[in-house]
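Quick note: numbers below take in every heavy atom, side chains included, and nothing from hydrogens, waters or symmetry partners. We count ligands from 1, going down the list as the structure has it; atoms in each ligand are counted the same way.
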Amino acid sequence: MASPREKRLAEFIEPFRVEPGSKVTLAKRFDPGFKKGVESKKQGQELLANGIELLAEYQSRLYAQGTHAVLVVLQALDAAGKDGTIRHVMSGVNPQGVAVHSFKVPSSEELDHDYLWRYQKSLPGRGMIGIFNRSHYEEVLVVRVHKQLLERQKLPKGPRGSAFWKQRYREINDWERYLSENGIKVVKLFLNLSREEQRIRFLRRIDLADHNWKFSASDVREREHWDEYQRAFSEMLSSTSTEWAPWYVIPADRKWFARIAAAAVIGHTLVELDPRYPKLDPEARRSLLEAKAELEAEAPAGAAPDPFEDRSARD
Ligand code: AMP
Ligand code: MG
């Protein structure tokens, strides 16, 4: 039975979910400016604070239980706010329990392996939250838009038409299914930015000296491929949103809303997993009580043998 919190979160994130098996055209189906009734940034701040607190609590339980891992896959257009989303949404969690990996152009060693190799190597261990800042989905996005990147992958010869990309989607779905059956829950977020908002954010990066480092002229070259990317995104969302690892399209024209929505999707996953602090078996519990008796016997004169006695009785 879903708890009220789980139901509330499920209801909030429902409009972002890509129904497995449905065919979506990104621009028709998802509005980058959608706010889902959260009218102002101020109103949003409280929601985000609650979300961050929830993540912190559940991350701690996930770590203590050490059974599941959560892999957050973040994909987006340039300037959609991946870095800021990671920084804000994860601001409350214990850094020891989180591992962020950013994927760039593959190295020659990486190109000497199958394309999922480098992603497999970077998966979170049990109890951890892993974040992929860009991910294996680049293999059906940038690699699809720029065919010369595919040529560098040293694949066996064969056709490279739509059947090839269908095969890649299938391989990715199979891999994610394998992960989910092994306790690694894959949560996929696509930050959806409008073309106009991207233009404004690029200009900001150019105009503000402290932001210049984030901008490269190649970002404008990529923007020229906008329509090809939109097609690649639409096909990716339609082909790889599965029951075991659905896609969520996060409206990203307002950074503050994108952060709330991302926190809600990740929070929902954790609440659904419902990790618990481990309970000791009776024998381990007995040996704890023996240790307790020894420590109590060492109490100096006048000191309480166990200052927590009352509290542990309550727990
Ligand atoms: P950034 O995230 O802005 O530092 O840029 C990283 C760059 O690496 C982007 O231009 C990506 O398109 C590129 N990239 C990431 N993954 C791949 C991949 N699998 N193949 C080719 N290029 C990639
Ligand atoms: Mg960039």
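Residue D78 has no N or O atom closer than 3.5 Å to an N or O atom of ligand 1. Residue-to-ligand polar distances keep K82 apart from ligand 1: every N/O pair is separated by 3.5 Å or more.
Counting the atoms of ligand 1 from 1 in the order shown, those under 4.0 Å from a heavy atom of L149 are 21 (C). Heavy-atom contacts of E139 reach the following atoms of ligand 1: 19 (N) (cutoff under 4.0 Å). Near E138, with a cut-off below 4.0 Å to any heavy atom, the atoms of ligand 1 are 12 (O), 15 (C), 16 (N), 17 (C), 19 (N).
Apart from Y63 itself, the hydrophobic cluster it occupies contains M128, where clustering links Ile, Leu, Val, Met, Phe, Trp and Tyr at side-chain heavy-atom distances under 4.5 Å.
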Side-chain donor-acceptor pairs of residues 22-34 under 3.5 Å, sequence neighbours excluded:
| unit_1 | atom_1 | unit_2 | atom_2 | d |
| --- | --- | --- | --- | --- |
| S22 | OG | E19 | O | 2.7 |
| R29 | NH2 | R17 | O | 3.4 |
| D31 | OD1 | G33 | N | 2.8 |

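Remark: side-chain polar atoms of D281 are paired, donor with acceptor, to backbone N or O of E283 under 3.5 angstrom.
At a 4.0 Å heavy-atom cut-off, ligand 1 touches R134 through the side chain alone. Counting heavy atoms closer than 4.0 Å to ligand 1, residue S218 contributes nothing at all. Residue-level proximity to ligand 1 for V105 is carried by backbone and side chain together, each with a heavy atom below 4.0 angstrom. Of the heavy atoms in V143, only side-chain atoms (C-beta onward) come closer than 4.0 Å to ligand 1. Neither the backbone nor the side chain of Y137 comes within contact range of ligand 1; no heavy atom lies under 4.0 Å.
Salt bridge E224/R221: present, at least one basic N to carboxylate O contact under 4.0 Å. A salt bridge is defined here as a Lys NZ or Arg NE, NH1 or NH2 lying under 4.0 Å from an Asp or Glu carboxylate O, and R199 with E196 meets this definition. Salt bridge R223/D219: absent, no basic N to carboxylate O contact under 4.0 Å. With respect to R144 and E139, no salt bridge is recorded, no charged nitrogen being found less than 4.0 Å from a carboxylate O. Between D112 and R152, none of the side-chain N atoms (NZ, or NE/NH1/NH2) sits under 4.0 Å from a carboxylate O, so this pair counts as no salt bridge.
The closest approach between any non-hydrogen atom of Y119 and ligand 1 is below 4.0 Å.
The heavy atom nearest to atom 18 (C) of ligand 1, out of those in R118, E110, E222, is found in R118.
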